[in-house]
There are 2 protein chains.
Amino acid sequence: MSDRPLQEPTLLLLTALADEPRHGYGLIQEIDAISNGRVRMRTGTLYGALDRLLQQGLIRVEREEVVDGRARKVYALDETGRGVLAAETRRLRAVVAEAERRMAAHSTPAVRPKGALA
Amino acid sequence: MSDRPLQEPTLLLLTALADEPRHGYGLIQEIDAISNGRVRMRTGTLYGALDRLLQQGLIRVEREEVVDGRARKVYALDETGRGVLAAETRRLRAVVAEAERRMAAHSTPAVRPKGALA
DNA sequence: CTATATATATCGGTGCACGACATATATTGT
DNA sequence: ACAATATATGTCGTGCACCGATATATATAG
């Protein structure tokens with residue numbers, strides 16, 4: 001269990017599972033929607049990541065079903081995974097806030113009118 | 001210029017450079033401080049990343065100096081890098097917000113007392 | 001005089017993501 | 001009737017960022 005920071009595809013996967021269980025192909029579509037079409041997760045990334053997350057115990061196979069003659073595996077976020085996602089989210093919020101603070105505090109900004117806020 | 005999402009060490013590097021120029025070893029300390037000691041950037045990661053970011057034109061070598069008999073290279077964030085950091089920050093803020101929204105909207109939450117907030 | 005802090009740099013290994021390919025069924029278009 | 005696209009899961013080789021170890025050198029602290 002390397003507590004290395006999650007890469008973005010993995011983060012998006014856990015995010016897409018945070019509200020309710022979904023199957024692989026559904027995750028691709030959901031992530032496409034979440035990111036407004038910017039991120040198109042590849043099947044190579046997806047199924048590899050799902051296997052890894054299963055092995056790490058962050059997700060589980062909720063059930064297998066057949067819809068319209070096509071087999072599906074439905075994955076769900078485990079409590080462990082929920083914890084990891086919550087922690088990662090807090091971490092990233094802090095980093096983002098820090099980045100924004102520093103960009104605003106940029107030491108050599110263009111002409112600063114007197115009385116301007118930091 | 002592969003517009004692939006930044007990994008966290010790289011994001012932290014740009015963040016640490018966002019307010020003012022710093023040298024390599026100073027970046028390690030700064031990142032240690034930003035993350036409250038959680039992230040200890042390795043020199044292998046650092047100098048590799050600095051080379052890469054220089055080549056991508058996201059940062060530049062501001063100056064070289066000698067302090068207490070030790071040589072330093074001071075790196076600064078370029079305008080391009082500032083733009084990338086700003087974009088990445090916006091992106092991540094959206095993902096974090098989405099993750100939090102979904103965790104709150106979790107479909108099978110533990111016993112919810114009537115009238116309880118999400 | 002040794003250990004630690006400051007400072008830069010290289011190198012081999014690992015792990016995650018990417019892109020291409022493979023397979024199969026259902027639906028839509030011509 | 002046939003082709004193309006959407007749905008659905010999966011494998012495999014490659015690339016690249018990060019990690020851990022190692023190397024080098026000067027200054028300061030014990």
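No experiment lies behind these values; they were computed from the predicted model shown. Letters go in sequence order (proteins before strands), and every chain restarts at 1.
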From CA spacing to verdict: salt bridge (charged side-chain N to carboxylate O under 4.0 Å, His left out), A:R102, B:E30: CA-CA 12 Å; A:R102 278 163 189 264; B:E30 191 68 14; 2.6 Å; yes
Spacing of B:E8 atom CD relative to C:dC16 atom C1', expressed in whole Å: 15 Å
Rounded distance in Å - CZ (B:R22) to P (C:dT8): 13 Å
CG-CG distance between A:L85 and A:L6, expressed to the nearest 0.5 angstrom: 8.0 Å
Distance in angstrom units between A:Y47 OH and C:dA22 C1', rounded: 13 Å
Euclidean distance, atom CG of residue B:L6 to atom C1' of D:dC16 [Å, nearest integer]: 14 Å
Integer-rounded Å distance: D:dA17 C1' and B:L14 CG: 14 Å
Interatomic spacing from CD in B:Q56 to CZ in B:R52 - rounded to 0.5 Å: 6.0 Å
For atom NE2 of B:H23 and atom P of C:dA5, their distance in whole Å: 15 Å
Charged N-O contact under 4.0 Å between B:E65 and B:R72: yes
B:R52 side chain near D:dC18 phosphate (N/O to OP1/OP2, under 4.0 Å): yes
Note: A:K73-A:E62 ion pair, threshold 4.0 Å (strictly below): no
Out of D:dA8, C:dT6, D:dC16, whichever nucleotide has its closest atom nearest the side chain of A:Y25: D:dA8
DNA chain D contacts among residues 28-46 of chain B, heavy-atom distance under 4.0 Å: B:R42, B:T43, B:G44, B:T45
Residue-phosphate contact under 4.0 Å: B:T10 side-chain N/O, D:dA17 OP1/OP2: no
Nearest-angstrom distance from the residue atom CG of B:L13 to P of D:dA17: 13 Å
Nucleic acid contacts - residues 62-74 of chain B versus DNA chain D, non-hydrogen atoms under 4.0 Å: B:D68, B:G69, B:R70
Criterion side chain to side chain contact (heavy atoms under 4.5 Å, CB included) on B:R22 and B:V74, from CA distance to verdict: CA-CA 5 Å; B:R22 295 175 203 277; B:V74 177; 5.8 Å; no
Separation of C:dA17 P from A:D51 CG (nearest whole Å): 13 Å
Euclidean distance, A:L46 CG relative to A:L13 CG, rounded to 0.5 Å: 6.0 Å
Listed nucleotide nearest any side-chain atom of A:Q7, set D:dA17, C:dA17, D:dA8: C:dA17
B:R40 (side chain) donor-acceptor with B:D32 (main chain) under 3.5 angstrom: no
Working for salt bridge (charged side-chain N to carboxylate O under 4.0 Å, His left out), residues A:E79 and A:R60: CA-CA 10 Å; A:E79 279 316 300; A:R60 65 175 184 277; over 6 Å; no
